[in-house]
Amino acid sequence: MADDASGSNKTRVLFVCLGNICRSPLAEGVFRSQVEAAGLTDKFEIESAGTGSWHVGERPDARAVMVAREHGVELDSRARQVRDEDLQDFDYLVAMDRENLLSLQRMADATGGDAEIVLLRAYDPDPEGEEVPDPYYGGVGGFEDVYQIVTRSCEGLLVRLRAVATR
Ligand code: 4NP
């Protein structure tokens, strides 16, 4: 748990992908709804960001918004790029793929940040792959696949983090 200027002791989780308009906003929205369903909203601070800057300020991709909405999850983030301070301010940086993971590890090496950096699919009970595939250049079906992967993996992540957040 990080102590911020306001004295908050929430467990802070930042989901990270490349553009912050497809995978990490989905993970943010899904994890937030799972945390809410578990009655743990006041225990977590949840955000998402991208390692790239191309889409800064944009709403999530319309296909991500549509698929999430079909499952009862609203996405309300605005894309932003990962900042050096995130490596200090968040307890867990949760990367969608190996490239994101490497970018974060390099930033942590440069800044001395001590956030725990993990791959989201390390928490996927279905060991089909270790990355959340990038759906940006594909069709809507790819977003549904991402939704399913993210939902399973976030459930696994919450099992681990609820123990941290409620101790
Ligand atoms: P995301 O998907 O990393 O899941 O948000 C992408 C969005 C945009 C781009 C690549 C991936 N892009 O190249 O613009």
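Note that ligands are numbered from 1 as they come in the structure, with each ligand's atoms numbered from 1 the same way.
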Inspect the contact between Glu28 and Arg80 and indicate whether a charged nitrogen and a carboxylate oxygen are less than 4.0 angstrom apart. no
With sequence neighbours excluded, tell me which residues meet ring-ring contact (aromatic ring centres under 6.0 Å, His included) with Tyr92. none
Residue, atom and distance of the protein heavy atom nearest atom 9 (C) of ligand 1 read Tyr136 CD2, 3.5 Å
With hydrophobic residues grouped by side-chain heavy-atom distances under 4.5 Å, do Ile21 and Leu120 end up in a single group? no
Based purely on interatomic distance, does Trp54 place a nitrogen or oxygen under 3.5 Å from a nitrogen or oxygen of ligand 1? no
Heavy-atom side-chain contact between Met96 and Val16 under 4.5 Å: no
Which part of Tyr137 is near ligand 1, with near meaning a heavy atom under 4.0 Å away: side chain, backbone, both or neither? side chain
If the cut-off is 4.0 Å to any non-hydrogen atom of Leu18, which atoms of ligand 1 fall inside it? 3 (O), 10 (C)
Near Gly19 (heavy-atom distance under 4.0 Å), the atoms of ligand 1 are 1 (P), 3 (O), 5 (O)
For ligand 1, is His55 a contact, meaning one of its heavy atoms is under 4.0 Å away? yes
Starting from atom 4 (O) of ligand 1, locate the nearest protein heavy atom and write down its residue, its atom name and how far away it is, to 0.1 Å. Arg23 NE, 2.8 Å
Can you name the side chain to side chain contact (heavy atoms under 4.5 Å, CB included) partners of Gln81, sequence neighbours left out? Ser53, Val56
Does an N or O anywhere in Cys17 fall below 3.5 Å from an N or O of ligand 1? no
To which protein heavy atom is atom 2 (O) of ligand 1 closest, and what is the distance rounded to 0.1 Å? Asp134 OD1, 3.4 Å
Determine whether more than 12 heavy atoms belonging to other residues, nucleotides or ligands lie under 6.0 Å from atom CZ of Arg69. no
Minimum side-chain heavy-atom gap Phe15-Val30 below 4.5 Å: no
Residue-level breakdown please: for Asp61 versus ligand 1, do any non-hydrogen atoms fall below 4.0 Å on the side chain, on the backbone, on both, or on neither? neither
